[in-house]
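Below is one structure, written out as structure tokens; the observations come after it.
Numbering of ligands and ligand atoms starts at 1, following listing order. Because the structure is a prediction, the values reported are computed rather than measured.
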Amino acid sequence: MKKFNHCIVRKPCKAVCDGITSAPELGKPDYELALKQHATYIEALKKCGVDVLVLEADERYPDSCFVEDPAIVTKNCAIITNPGAASRNGEKAEIVDAIKKFYKDEDIEHIVAPGTLEGGDVMMVGDHFYVGRSARTNEEGIKQLTAILEKHGMTCSEVPLEKVLHLKTGVNYLENNNMLVAGEFVTKPDFAKYNKVEIPESESYAANCIWMNGTVIVPEGYPAVLAAVKGLGYDTMTVDTSEFRKIDGGLSCLSLRF
Ligand code: CIR
């Protein structure tokens with residue numbers, strides 16, 4: 001049975017208020033509330049039986065609390081990505097030391113220019129990884145990721161995105177063959193073989209849930225998704241992520257889980 005033992009997170013910085021957003025109409029994140037929500041998130045992860053390495057806030061990078069994007073962590077290797085958003089690219093150098101605490105040097109790989117790739121575009125299903133071709137992750141980045149995963153005994157397939165920021169913005173795997181799908185992912189043939197749980201448009205943000213050792217963490221305030229996840233038989237926890245949502249961040253973006 002799959003088990004996560006570790007998580008890495010980074011505290012939001014004050015500049016989180018200036019994170020990249022596709023939804024400025026939601027307003028800017030409230031820093032104090034973001035900190036509280038982040039602390040609650042860490043407690044929820046710990047309750048699921050993992051240790052959590054908390055990295056210090058980094059004011060140089062407004063989006064740096066979204067540690068899922070500069071690295072990919074697998075059972076066989078870790079991959080430092082090359083984020084496609086210019087204001088986030090420097091985050092890749094700042095995550096390396098944390099990754100080195102858990103992986104041997106020979107098991108740490110890198111995506112390099114002209115390849116770009118962000119971890120939010122990468123979804124793990126056992127030894128297979130789906131990677132979204134998005135505005136942040138290009139063809140060359142996917143080619144490099146595929147070669148790295150194959151070298152370490154895993155496989156990869158590409159999913160073109162048309163509408164959302166990252167692959168995991170709209171599709172997330174909950175283990176046991178269960179897949180949450182929203183929007184453009186509902187009809188993608190790539191996911192036909194899974195037990196797909198279709199998320200209504202009004203709750204599409206909550207397609208980004210995380211499976212944590214048998215418990216599924218669901219963002220607070222999405223009753224249809226919570227009921228659907230409970231209906232699958234999972235224990236659930238909810239965490240309010242309202243401040244991160246304002247800058248397109250969800251539950252998965254806030255941690256590396258391995
Ligand atoms: C960004 O646009 O990069 C951040 N404001 C949000 C990143 C969300 N990360 C993720 O979905 N993995």
Side-chain angles (χ1 to χ4, degrees), residues 7-31 34 37-38 41 45 55 57-74 78-92 94-95 111 116-124 129-138 141-142 145 159 161 163-173 180-185 199 204-212 217-219 239 241-258:
C7 285
I8 300 173
V9 302
R10 186 184 292 283
K11 278 192 194 152
C13 56
K14 294 194 183 83
V16 72
C17 306
D18 300 318
I20 307 167
T21 184
S22 65
E25 69 278 8
L26 297 178
K28 285 184 182 283
D30 174 320
Y31 171 62
Q37 292 179 348
H38 195 257
Y41 177 76
L45 295 175
L55 306 177
D58 188 339
E59 291 296 340
R60 294 169 298 170
Y61 302 107
D63 286 296
S64 53
C65 57
F66 301 121
V67 284
E68 177 176 69
D69 294 315
I72 299 161
V73 283
T74 81
I79 300 148
I80 308 298
T81 71
N82 191 29
S87 68
R88 301 201 58 192
N89 192 262
E91 292 175 32
K92 65 189 179 196
E94 306 308 323
I95 200 77
I111 303 293
T116 64
L117 191 132
E118 295 190 358
D121 276 321
V122 180
M123 177 172 68
M124 176 171 67
F129 292 74
Y130 292 94
V131 55
R133 181 158 41 82
S134 68
R136 305 283 182 87
T137 294
N138 67 13
I142 294 174
L145 178 69
V159 183
L161 308 194
K163 296 192 180 125
V164 292
L165 172 63
H166 286 128
L167 179 71
K168 284 184 287 188
T169 308
V171 54
N172 283 274
Y173 187 56
L180 295 180
V181 286
E184 63 186 283
F185 301 104
I199 307 290
S204 61
Y205 172 75
N208 188 259
C209 292
I210 50 175
W211 178 93
M212 285 296 300
I217 307 182
V218 179
V239 174
T241 52
S242 65
E243 301 317 291
F244 302 102
R245 180 179 175 223
K246 292 174 179 171
I247 50 170
D248 298 331
L251 285 167
S252 78
C253 328
L254 287 168
S255 60
L256 289 165
R257 304 163 297 280
F258 54 108

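The aromatic rings of F244 and F66 sit perpendicular to each other, their planes meeting at more than 60°, with 30° as the lower class boundary.
Residues that satisfy the salt bridge (Lys or Arg N to Asp or Glu O under 4.0 Å) test with R10, not counting sequence neighbours, are absent from this structure. In this structure, the side-chain hydrogen bond (donor to acceptor under 3.5 Å, both in side chains) partners of T137, at least two apart in sequence or on a different chain, are D121. Scored by the side-chain hydrogen bond (donor to acceptor under 3.5 Å, both in side chains) test, Y205 finds T241 as partners (sequence neighbours excluded).
A distance limit of 4.0 angstrom between heavy atoms and ligand 1 selects the residues I20, D63, F66, E68, D69, R88, G120, R136, L165, H166, I247, D248, C253.
Under a 3.5 Å cut-off, the side chain of Y41 and the backbone N or O of L251 do form a donor-acceptor pair.
Heavy atoms only, all atoms of each residue included: A206 and C209 are closest at O-SG, 3.2 Å.
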